[in-house]
Structures are given as structure tokens and as C-alpha cells.
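What follows is a single structure, written as C-alpha cells, with notes after it.
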Amino acid sequence: MAWFWLVLGGFFEVGFTTCLRFVDGFKNVPWTLGFLVSVGLSMALLELASRSIAMGTAYAVWGGIGAVGTVLVGIFFFQEPAGALRIALIFAIVACIAGLKLLH
């Protein structure tokens with residue numbers, strides 16, 4: 001279950017980074033609330049997962065999911081660049097996450 005909680009926490013990290021785009025100095029209340037809820041859930045799930053998974057591994061996987069997910073949200077919803085090198089580097093992050101999972 002720890003890996004499930006960790007992946008879910010990574011998805012909430014994508015949620016808070018996406019909300020962060022719209023908080024407008026924390027003046028946009030609905031997006032600010034979404035940001036705060038997502039941050040809280042993301043951190044709580046990371047903490048829960050790290051009870052069974054080594055903290056360094058848990059943090060690297062959580063951060064990697066958040067980074068890859070945030071880049072993909074940027075590409076698909078905000079027309080951020082999707083060049084070949086950028087996509088290759090995203091795959092490299094995914095490969096490193098998979099490697100950490102295999103070593104645990």
C-alpha cells in the first residue's frame with residue numbers, strides 16, 4: 001500500500017503545482033484553496049509512504065512523479081514546448097523512478 005500512497009501523493013503534487021499557476025498571489029481564493037488542500041494531501045501521503053519506503057527513495061519518486069506530471073500538464077494544457085530533448089529527459093526521469101522502485 002505504501003507505493004500506492006506515494007504515487008497518489010505524487011499526483012496531488014501535480015495538483016498543487018497546477019493550482020499554483022492560478023493563485024495570483026494567493027488572491028484567487030478557489031485556486032488557493034485547491035493549492036492548500038493538494039499540498040496538505042501530497043505531504044501527508046508522502047509521510048505515510050515514507051513509513052515503509054526509505055525516505056530518500058520516497059522523496060525521489062514523489063518529486064519525480066510531480067516533476068513529470070507537471071511538465072506533461074504544461075505541455076498538454078498550457079502549450080509549453082515539447083521538443084525531442086525535453087521528452088527524452090522526461091523519459092530519463094521515469095526510468096530513474098522505475099529503477100528506484102526496482103531496487104526497493
Side-chain angles (χ1 to χ4, degrees):
M1 275 311 281
W3 284 98
F4 172 78
W5 298 128
L6 185 61
V7 171
L8 187 59
F11 289 149
F12 276 107
E13 184 183 3
V14 176
F16 80 70
T17 58
T18 303
C19 289
L20 194 57
R21 178 182 282 268
F22 301 106
V23 298
D24 188 29
F26 300 100
K27 294 180 284 192
N28 186 329
V29 174
W31 285 104
T32 298
L33 291 174
F35 169 78
L36 293 172
V37 168
S38 293
V39 165
L41 288 170
S42 182
M43 294 292 170
L45 291 167
L46 172 61
E47 188 280 326
L48 182 63
S50 69
R51 294 177 190 176
S52 302
I53 301 169
M55 181 49 100
T57 299
Y59 182 75
V61 170
W62 175 83
I65 292 168
V68 170
T70 300
V71 169
L72 293 175
V73 166
I75 290 170
F76 289 111
F77 294 102
F78 301 109
Q79 294 73 47
E80 292 179 1
L85 182 57
R86 192 168 192 213
I87 298 302
L89 292 170
I90 291 169
F91 278 117
I93 293 171
V94 172
C96 290
I97 292 169
L100 286 170
K101 168 66 172 111
L102 290 173
L103 291 174
H104 182 56

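The residues of the chain are indexed from 1 along the displayed sequence.
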Legend entry - Pairs flagged by side chain to side chain donor-acceptor pair (under 3.5 Å) wherever residues 64-78 is involved - sequence neighbours left out: Thr17-Thr70
Inset, instruction - With sequence neighbours excluded, give me every salt bridge (Lys or Arg N to Asp or Glu O under 4.0 Å) pair touching residues 29-39. - result: none
Legend entry - Partners meeting side chain to side chain contact (heavy atoms under 4.5 Å, CB included) with Leu33 (sequence neighbours left out): Val29
Legend entry - For Ala44, side chain to side chain contact (heavy atoms under 4.5 Å, CB included) partners two or more places apart: none
Legend entry - Partners meeting side chain to side chain donor-acceptor pair (under 3.5 Å) with Arg21 (sequence neighbours left out): Glu80
Inset, instruction - With sequence neighbours excluded, give me every ring-ring contact (aromatic ring centres under 6.0 Å, His included) pair touching residues 80-103. - result: none
Inset, instruction - Supply the members, apart from Leu85, of the Ile/Leu/Val/Met/Phe/Trp/Tyr cluster built from side-chain contacts under 4.5 Å; use none for a lone residue. - result: Leu89
Inset, instruction - Report the residues that fulfil side chain to side chain contact (heavy atoms under 4.5 Å, CB included) with Leu20, sequence neighbours left out, ordered by chain and then residue number. - result: Val23, Phe26, Phe35
Inset, instruction - Carefully, step by step, assess Arg86 and Ile75 under the rule side chain to side chain contact (heavy atoms under 4.5 Å, CB included). - result: CA-CA 10 Å; Arg86 192 168 192 213; Ile75 290 170; 4.0 Å; yes
Legend entry - Where at least one partner belongs to residues 45-87, residue pairs that pass ring-ring contact (aromatic ring centres under 6.0 Å, His included), sequence neighbours excluded: Phe22-Phe78, Tyr59-Trp62
Legend entry - Leu41: side chain to side chain contact (heavy atoms under 4.5 Å, CB included) partners, not counting sequence neighbours: Phe12, Val37
Inset, instruction - Mind jotting down which residue pairs meet the side chain to side chain donor-acceptor pair (under 3.5 Å) criterion with at least one end in residues 22-36? Sequence neighbours excluded, please. - result: none
Inset, instruction - Taking the side chain as every heavy atom from C-beta outward, state whether Val73 and Val14 have any pair of such atoms under 4.5 Å apart. - result: yes
Legend entry - Within residues 40-54 or reaching into it, pairs that qualify as salt bridge (Lys or Arg N to Asp or Glu O under 4.0 Å) - sequence neighbours excluded: Glu47-Arg51
